[in-house]
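Just so we're clear, the structure is a prediction, and the values are computed from it rather than from any experiment.
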Amino acid sequence: MENTFLVLHGVKDLRLETQPIPEPRDDEVLIRTSKVGLCGSDLAIVYTGRHGNHPFTFPIGMGHEASGVVSKCGKDVTHVKPGDRVTVENGSSCRGCDLCLSGKYNVCEKSSFHGSVPMPQGCLAHYFIYKGHLTFKLPDSVSDEEGAVVEPLAVAVHACRRAGVWAGHSMLITGAGPIGLLCLIVAKALGATNILVTDIKENRLELAKKTGADNTLLVRSGTPQSQAKQVHQMMGCEPNVTMECSGSQAGISLAIYATKSRGKVMLVGVSGHEVTVPLVHAGVREVDIMGVYRYLNCYPIAIDLLAKKLVDVNPLITHRFKLEEFQKAFDMFHAGQDGAVKCMISC
């Protein structure tokens, strides 16, 4: 039998290809793909050939937010079995360096990212191979589509945990894309009580309101300083934490100006290689600026939040496509047409 999968051969050059279905090694599983979500990093790689300051070498297997069913297991994999519904934690690490051994595997210098490195295939495929230790069983109460959202949900969980979000916290979220909205959902579940979300698109702010934002602010005009004053007026306070999810210079500047002295700015969105921001303004007010990269031991937490219905990610899934409609899905998501927030592809 042959396997069909999506490969990027160059900027904007997506192709469906076929190869024999691969066999898993001893520590791997073969997964029959159910659903795959598209995210901003997919768009950056397809339309620019890079993500942040990292260029990519082609060909690249596409897709990394996936759910599926285990088809075969290598002999060393015992925690899942054929027939189990699963999701996968993206990114591998060396598991032997100081960072990995001290529990900081997400920033291992030898890490790679499944679906975003030179490889035969990603998760946008009928079948894909994955490391057994990065494969997580999904409870019956978690749907296939929810399982495909575990990956970005884990990003939000890691960001909120790193920021120390807790009951009663006030929060600013700059950028109401999928990650910003997921940070909103997780923060609400953790007890944040006063959350304002900003964006340049009205439809995304409408969705933010539906998913729990206490206030929203359209930021198409004005300076970061004037926007920060609007934030303070609408919230009635300065936010304890700002989740910067836009990946823009304007968003980072607003985050610094708006956040309470001795508060935290979490850089969740990926910006360009260099940005100009009011760093001294943060320094003299002791505002901590912290980075967030992927996730760290967050998959079990994200799955549990979904299983116990403490978070609802379904409103974020706005469009659905078949694998054969991959070009339509990418182009619509890239253009932001029809209010696209999270596009889901059925494999």
- Answer yes or no: is there an ion pair linking K342 with E65, defined by an N-O contact shorter than 4.0 Å? yes

- Under a 4.0 Å N-O cut-off, is there an ion pair linking E89 with R294? no

So, for [X] and [Y], is the gap between ring centers shorter than 6.0 Å?
{"X": "Y299", "Y": "Y295", "value": "yes"}
{"X": "H281", "Y": "Y257", "value": "yes"}
{"X": "Y47", "Y": "H334", "value": "yes"}

- M1 versus P20: any side-chain heavy-atom pair under 4.5 Å? no

Just by modelled atom types, is the [Y] backbone N or O under 3.5 Å from a matching donor or acceptor in the [X] side chain?
{"X": "T242", "Y": "E244", "value": "no"}
{"X": "S226", "Y": "T223", "value": "yes"}
{"X": "S67", "Y": "D144", "value": "yes"}

Looking at [X] and [Y], what are the two nearest heavy atoms and their distance?
{"X": "L8", "Y": "V46", "value": "CD2-CA, 3.7 Å"}
{"X": "P139", "Y": "I303", "value": "CD-CG2, 3.5 Å"}
{"X": "Y130", "Y": "G91", "value": "OH-N, 3.5 Å"}
{"X": "C347", "Y": "V36", "value": "SG-CG2, 4.0 Å"}
{"X": "L101", "Y": "R95", "value": "CD2-O, 3.9 Å"}
{"X": "L184", "Y": "V197", "value": "CD2-CG2, 4.3 Å"}

- Item | Residue pair T4, E17: steps toward the side-chain contact (heavy atoms from CB on, under 4.5 Å) verdict | CA-CA 6 Å; T4 301; E17 299 185 0; over 6 Å; no

